[in-house]
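Here's the structure we're looking at; comments come further down.
Since the structure is predicted, the reported quantities are computational estimates derived from the model, not experimental observations. The chain is numbered in sequence order, starting from 1.
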Amino acid sequence: MADIGGHAVYKIEDTNMIYIPNDSVRISHPDEARYLRIFQNVDLSSNFYFSYSYDLSHSLQYNLTVLRMPLEMLKSETTQTRQESFDIFEDEGLITQGGNGVFGISSEPYMKYVWNGELLDIIKNTVHRDWLLYIIHGFCGQSKLLIYGRPVYVTLIARRSSKFAGTRFLKRGANCEGDVANEVETEQMLCDASVMSFTAGSYSSYVQVRGSVPLYWSQDISTMMPKPPITLDQADPFAHVAALHFDQMLQRFGSPIIVLNLVKEREKRKHERILSEELVAAVTYLNQFLPPEHTIIYIPWDMAKYTKSKLCNVLDRLNVIAESVVKKTGFFVNRPDSYCSILRPDEKWNELGGCVIPTGRLQTGVLRTNCVDCLDRTNTAQFMVGKCALAYQLYSLGLIDKPNLQFDTDAVRLFEELYEDHGDTLSLQYGGSQLVHRVKTYRKIAPWTQHSKDIMQTLSRYYSNAFSDADRQDSINLFLGVFHPTEGKPHLWELPTDFYLHHKNTMRLLPTRRSYTYWWTPEVIKHLPLPYDEVICAANLKKLVVKKFHKYEEEIDIHNEFFRPYELSSFDDTFCLAMTSSARDFMPKTVGIDPSPFTVRKPDETGKSVLGNKNNREEAVLQRKTAASAPPPPSEEAVSSSSEDDSGTDREEEGSVSQRSTPVKMTDLGDSAKVTENVVQPMKEVYGINLSDGLSEEDLSIYLRFVQLGQSQHKQDKSSQQFCSRCPDGVIKLTPISAFSQDNIYEVQPPKVDRKSTEIFHAHIQASQGIMQPLGKEDTSMYREYIRNRYL
């Protein structure tokens with residue numbers, strides 16, 4: 001699915017549950033089969049990801065800063081157990097004495113985003129840690145941005161929290177431990193793919209978070225209403241649950257924490273406004289105890305109100321918010337500022353926040369976006385913030401001259417497609433349907449056919465919430481270990497609600513109560529604005545382990561991990577060639593255009609549509625003219641053209657021909673059959689120049705200089721000059737460099753082969769005759785290492 005610094009990220013495609021017989025259990029429990037069916041309802045082949053060598057539960061900033069600290073700092077803090085350093089050839093000193101051992105730092109995963117942590121918890125103390133493969137749930141996508149042939153990978157990873165996880169109406173608000181529903185951490189990475197390794201490559205990342213409003217609230221779905229009323233379940237005057245939630249965020253992301261609240265503020269009937277009033281009261285209460293430089297920044301913005309207005313542009317307002325957010329938090333980059341930023345200083349770059357270190361920049365703080373469902377409005381807001389951060393990331397790597405990206409460029413179209421896939425996937429997981437409102441909807445350029453699709457997605461979401469969410473919630477509770485079957489207690493399907501499973505304080509008295517004023521963890525506030533999880537201290541050093549690798553292991557040998565030289569493969573199946581590319585999928589195919597992915601294109605100029613389609617162009621212009629208001633009833637011609645959008649797009653993608661061939665223009669003539677008409681393109685449009693026109697004086701002088709250079713480069717002897725004198729005027733005979741005086745193959749000298757290659761060839765010939773050469777020390781060590789990795 002993605003390649004991060006040479007480390008492959010995989011998606012689970014299929015799973016198999018293997019029964020292990022045991023003498024202690026000869027008779028199966030009567031309810032085991034039913035629990036098994038519920039457990040298998042969690043489809044692991046749907047958006048679950050893992051990596052053998054890269055920690056997906058942590059951000060790129062954590063992996064490239066904490067895990068790359070000097071090894072000497074851990075010698076006094078960590079110890080290696082016998083199990084960790086176990087090796088069958090250790091007595092012979094193959095690894096320790098032979099110089100093949102490589103030491104690295106390994107960290108414990110961030111269990112909040114690990115979905116099989118409860119399943120592995122039973123065996124993690126009895127098996128070697130290499131057997132523990134942690135998986136995340138969410139989204140992973142990667143595309144290639146070609147900047148004049150220079151490949152830049154844009155990666156989007158979303159980590160869904162396994163705490164208080166569930167479906168839309170069954171999981172709202174937060175639990176007693178500060179974990180909120182539908183909490184997803186989205187990280188966008190940018191890397192120069194010319195160099196893959198973390199050591200020498202250029203990498204950048206930006207993290208933002210979405211999550212439900214951190215209050216005790218819910219919606220009753222028993223009324224069978226499209227919008228059930230919002231109710232506050234518990235009074236929380238001291239913002240206890242919000243304090244726990246923001247304390248977690250300060251520990252992981254540092255300060256400032258920026259809350260972008262997109263919930264409605266003005267309504268005829270009080271519905272969403274209940275959450276806005278409670279959230280602003282909670283943030284105001286918590287801020288009065290924090291130091292002024294680390295207070296929570298609260299940004300309320302009624303996005304739905306501005307969307308209905310004809311005078312306001314939603315995305316322009318979001319772009320202003322995004323600029324202020326990125327300037328406060330900064331972003332991560334693993335290299336110092338480029339010299340081009342000194343040569344071409346930019347005002348916005350100098351105002352950028354974060355933490356500047358000798359090796360680059362660190363992101364301090366995070367943006368937390370929420371609406372009621374954290375789906376449609378939230379995804380659009382996150383896209384705008386990500387688009388702004390992407391401009392700064394490209395500028396930091398020296399790929400653009402100003403930190404600014406415009407719409408309708410190949411780069412933004414590629415990034416928008418990534419975010420739409422990201423939003424659709426997260427919406428299916430939580431809401432049961434794809435996005436209803438997309439970026440094009442808020443830009444007001446969505447095609448008319450999108451309205452009917454939005455209605456279908458709304459109906460699909462309603463059906464899923466009403467009929468299938470309860471079974472999905474039971475499966476998630478069982479898979480994550482929230483519910484453990486126990487003899488003498490009610491079964492999972494007998495529980496009227498799972499409220500008591502997720503709110504553990506209702507089942508027992510808490511031994512200690514947190515302070516109402518000093519609501520944060522003391523160690524966290526000392527290191528702000530840096531996140532406490534990335535600070536080098538005794539508590540964090542205990543989470544790190546010195547791990548011993550062999551130089552041929554995947555986690556060390558990036559070449560073998562990426563290219564797989566011991567497997568039969570083809571270049572066509574290579575992931576880097578198969579991924580979405582801006583040049584292949586978005587750049588127009590017309591000759592003579594600017595190939596830069598930062599050039600603004602017309603709406604019909606894209607690699608995914610056929611140029612010259614008159615109906616599509618007219619429809620796009622008409623959409624822009626009627627964007628501010630609801631579209632009028634379309635004419636018969638518009639209906640026919642819009643109804644063919646889906647089939648036409650598929651037909652264009654499958655059967656798109658080269659732009660050098662003559663396109664076919666489709667003309668609608670009412671009820672009559674479609675008539676095909678050949679349209680001959682002008683020569684200048686095909687070749688970029690008009691060959692029938694005469695050359696200008698400037699072009700002619702350039703050509704004459706080129707001919708003179710060729711004549712001076714290939715000086716001819718007297719005989720050739722005499723031969724050329726017999727030729728017609730203006731004809732020059734140039735002797736090829738590779739030409740021979742006689743047509744004889746024996747005049748070609750064989751290539752010289754070095755001694756080592758000759759010995760290898762003779763050994764190969766002798767091996768075919770049964771004469772084997774004695775194995776050297778390096779061959780023996782390689783064979784033993786193969787046996788150890790393959791069979792032990």
Side-chain angles (χ1 to χ4, degrees), residues 2-10 13 51-54 85-104 128 130-131 133 144 149 151 193-201 547-579 736-792:
D3 173 77
I4 305 174
H7 302 273
V9 179
Y10 299 96
E13 289 292 338
S51 176
Y52 294 109
S53 53
Y54 182 81
S85 62
F86 172 75
D87 182 31
I88 58 173
F89 299 115
E90 189 174 18
D91 296 335
E92 301 182 23
L94 176 63
I95 291 182
T96 57
Q97 302 297 331
N100 294 328
V102 179
F103 290 92
H128 193 275
D130 289 346
W131 285 92
L133 188 61
K144 184 195 302 180
S194 303
V195 181
M196 288 196 306
S197 69
F198 283 139
T199 306
K547 188 177 178 183
K548 184 170 60 179
F549 302 91
H550 192 270
K551 69 176 183 179
Y552 295 114
E553 291 189 16
E554 293 176 345
E555 298 180 55
I556 299 298
D557 194 345
I558 298 178
H559 179 271
N560 289 347
E561 159 72 9
F562 186 78
F563 293 102
R564 305 282 181 173
Y566 299 108
E567 295 181 5
L568 180 62
S569 59
S570 66
F571 281 113
D572 294 336
D573 299 332
T574 306
F575 173 73
C576 61
L577 297 179
M579 72 169 70
I737 298 175
S738 59
F740 300 104
S741 58
Q742 297 180 4
D743 189 10
N744 195 332
I745 61 172
Y746 294 104
E747 289 195 5
V748 180
Q749 297 294 329
K752 296 182 180 180
V753 182
D754 56 1
R755 181 179 178 183
K756 187 176 180 180
S757 300
T758 307
E759 292 176 354
I760 293 175
F761 178 73
H762 286 305
H764 175 70
I765 297 298
Q766 291 178 356
S768 64
Q769 300 174 357
I771 305 174
M772 304 301 297
Q773 299 292 328
L775 295 177
K777 184 177 180 181
E778 185 178 354
D779 298 331
T780 307
S781 62
M782 184 181 297
Y783 176 71
R784 288 180 174 174
E785 186 62 24
Y786 168 77
I787 294 297
R788 185 176 75 88
N789 293 335
R790 180 67 176 84
Y791 298 103
L792 302 178

Excluding sequence neighbours, so at least two apart, what forms ring pair (Phe, Tyr, Trp, His ring centres under 6.0 Å) with Y10? F50, Y52

For A763, all residues meeting side-chain contact (heavy atoms from CB on, under 4.5 Å), sequence neighbours excluded: Q773

Quick one: side chain to side chain donor-acceptor pair (under 3.5 Å) partners of S194, sequence neighbours excluded? D192

In terms of relative ring orientation, are F198 and Y54 parallel, tilted or perpendicular, with 30° and 60° separating the classes? tilted

Only pairs at least two apart or in different chains count here, so list each salt bridge (Lys or Arg N to Asp or Glu O under 4.0 Å) that has a residue in residues 757-769. R755-E759

Using side-chain contact (heavy atoms from CB on, under 4.5 Å) as the criterion, list what pairs up with S757, not counting sequence neighbours. V753, D754

Contacts of Q769 that satisfy side-chain contact (heavy atoms from CB on, under 4.5 Å) - sequence neighbours left out: I765, I771

